[in-house]
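Scroll down for the structure; my scribbles are underneath it.
First the proteins, then the strands, lettered A, B, ... as listed; each starts at 1. Only this structure's heavy atoms are used, side chains among them; waters, hydrogens and symmetry mates stay out.
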Protein chains: 2
Amino acid sequence: MVKTEKIDSTQERILAAAKRVFLEQGMAGARMQDIADKAGINKALLHYYFRNKDKLFETIFKEVSSQFFPKITDVIESDMPLFGKIERFCSEYIDMLQKNSFMPMFVLSEVHKQPQRFKERFWKNMGPVLARFVGEIEVEMKKNKIKKMSAGQLFLNMVSLCIFPFIAKPLWMVSSGMDEARFKQFMEERKKEVPKFIIESIKN
Amino acid sequence: MVKTEKIDSTQERILAAAKRVFLEQGMAGARMQDIADKAGINKALLHYYFRNKDKLFETIFKEVSSQFFPKITDVIESDMPLFGKIERFCSEYIDMLQKNSFMPMFVLSEVHKQPQRFKERFWKNMGPVLARFVGEIEVEMKKNKIKKMSAGQLFLNMVSLCIFPFIAKPLWMVSSGMDEARFKQFMEERKKEVPKFIIESIKN
DNA sequence: ATCTTTGTTAACCTTTTGGTTAAACTATAT
DNA sequence: ATATAGTTTAACCAAAAGGTTAACAAAGAT
């Protein structure tokens, strides 16, 4: 029906605008007026759809963060060899971040400012996912396929190498003189470089 | 003289308070009243010392960011072998960040929000520093001491592994269940783990 | 002693910002 | 046609936040 279509389109325009503004400015820096403008609507209408800034933010944060925490499960449960899994994880994760390059800064910055709130509202069953990956790594170590090292450190290395470049992107572009296209290409190379770098380091 | 001492002590209390608040909340989230309270003074006095929020922020940002951008020069110009330099760089940098763990998120988040402003006001002669390090790496590659790879990628890997853990610290603590002490220990181990990880990967 | 400069405060002003209201418009069902 | 429920807006409000003023205190300089 026409009605539903229109409701959806307005709501979607709001969500799209809110996402853009929140990702760029963060919760504290975002202005409701700015969101309304970018959605092409009146500010009151914003409050009609989402009672207040907090509710709107939470909606966006939920959506964005659910994407940010990668579904490692798929990769782990596949029956590839460990190195293949690392390759796939890095490559797919970097690829996803490339399409949402503001995501890491947004999520981590907000968690940074309100870790307690984050823990209470968003941290459901993320623990097991990490634990499973760490577990698998430890198995490979015992089988002597890879060097002995802290699985936690290795995991942190992996995500650091994938995520950090997007957090440092503006700084990196300014200091290296790369433009958007060149940066994209640089990240493209990284999809292969990062897993190679990791595997080279841990293989026995 | 007594006079100067008192001026300094008030100004220093302001700067200390401002640093704390800006590092925790960022420019947009920081409140002048909050800074005044934490410095134990009237809000008007804040404006007496620093004309406005922007000026105060700039003062803090300058100070913090100058620390954040490490003086690689020292390390590079020393006549250690490359691997020694990498070890020293990582270890010293992680050590410094451990004493200022909010620094990375603060600097990068602000650069992220206003890259243009940052470029104009703060980006003086940082280029050469990076270039020099990259240059040295390329020399080692030609001497076949290390594997051939993009020096830019390698440099980005290095800083990623050093900096990212502090950006993800709150998230990591929540998801791994580490407390402050355990995290500190974890980072302590990292001072050796990171350079080891890198060297293991690049050595020929 | 008193004049001047510097430091400090309480009270006030202005702008920004999140949020509300009441009225108008739209579409659909009766 | 008209009642009704949902959508949209202009105008408004209250609180928060940045910033200013004018008066007062402290310390030196004359």
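Salt-bridge annotation for B:Arg88 and B:Glu92: present, with a side-chain N of the basic residue lying under 4.0 Å from a carboxylate O of the acidic one. For B:Asp34 and B:Lys43, the salt-bridge test fails: no basic side-chain N is under 4.0 Å from an acidic carboxylate O. Between B:Glu87 and B:Lys196 there is no salt bridge, since none of the side-chain N atoms of the basic residue sits less than 4.0 Å from a carboxylate O of the acidic one. Using a 4.0 Å cut-off between charged side-chain N and carboxylate O, A:Glu136 and A:Lys85 make a salt bridge.
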Please list, pair by pair, any protein nitrogen or oxygen found under 3.5 Å from a nitrogen or oxygen in nucleotides 16-18 of chain D.
{"residue": "D:dA17", "atom": "OP1", "partner": "B:Arg31", "partner atom": "NH1", "Å": "2.9"}
{"residue": "D:dG18", "atom": "OP1", "partner": "B:Ala30", "partner atom": "O", "Å": "3.4"}
{"residue": "D:dG18", "atom": "OP1", "partner": "B:Lys53", "partner atom": "NZ", "Å": "3.2"}
{"residue": "D:dG18", "atom": "OP2", "partner": "B:Met32", "partner atom": "N", "Å": "3.0"}
{"residue": "D:dG18", "atom": "N7", "partner": "B:Lys43", "partner atom": "NZ", "Å": "3.0"}

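Note on the helix from C:dA1-D:dT30 to C:dT30-D:dA1: angle between the axes of the first and last five pairs equals 20°, rounded to 10 degrees.
For the ring-ring contact (aromatic ring centres under 6.0 Å, His included) condition, the pairs that include at least one residue of residues 150-171 of chain A, sequence neighbours left out, are A:Phe133-A:Phe155.
Across the protein-nucleic acid pair, B:Leu45 atom CG and D:dT20 atom P stand 14 Å apart, rounded to whole Å. The interatomic distance linking B:Asp54 (CG) with C:dT15 (C1') rounds to 16 Å, in whole Å. Here the P atom of nucleotide C:dG7 and the CZ atom of B:Arg13 are 14 Å apart, to the nearest Å. The distance between atom CD1 of B:Ile35 and atom P of D:dG19, rounded to the nearest whole Å, is 11 Å. Counting to the nearest Å, the P atom of D:dA10 and the CG atom of A:Leu46 are 15 Å from each other. Protein atom CG of A:Leu56 is 12 Å distant from nucleotide atom C1' of C:dG18, rounded to whole Å. Distance A:Gln25 CD to C:dG18 P: 12 Å, rounded to the nearest Å. With rounding to whole Å, B:Tyr48 atom OH is found 17 Å from D:dA25 atom P.
Counting heavy atoms from C-beta outward, A:Phe106 and A:Glu24 have side chains that stay 4.5 Å or more apart.
There is a side-chain donor-acceptor pair under 3.5 Å between A:Gln33 and A:Asp37.
The two atoms that bring B:Lys169 and B:Ser101 nearest to each other are NZ-OG, 3.5 Å, heavy atoms only. Pairing each heavy atom of B:Gln67 with each of B:Met96, the nearest pair is O-CE, 3.3 Å.
Note on A:Thr10: every side-chain N or O is 4.0 Å or more away from OP1 and OP2 of D:dT7.
When the nucleotides C:dT21, C:dG7, D:dT8 are ranked by their closest atom to the side chain of A:Ala44, C:dT21 comes out on top.
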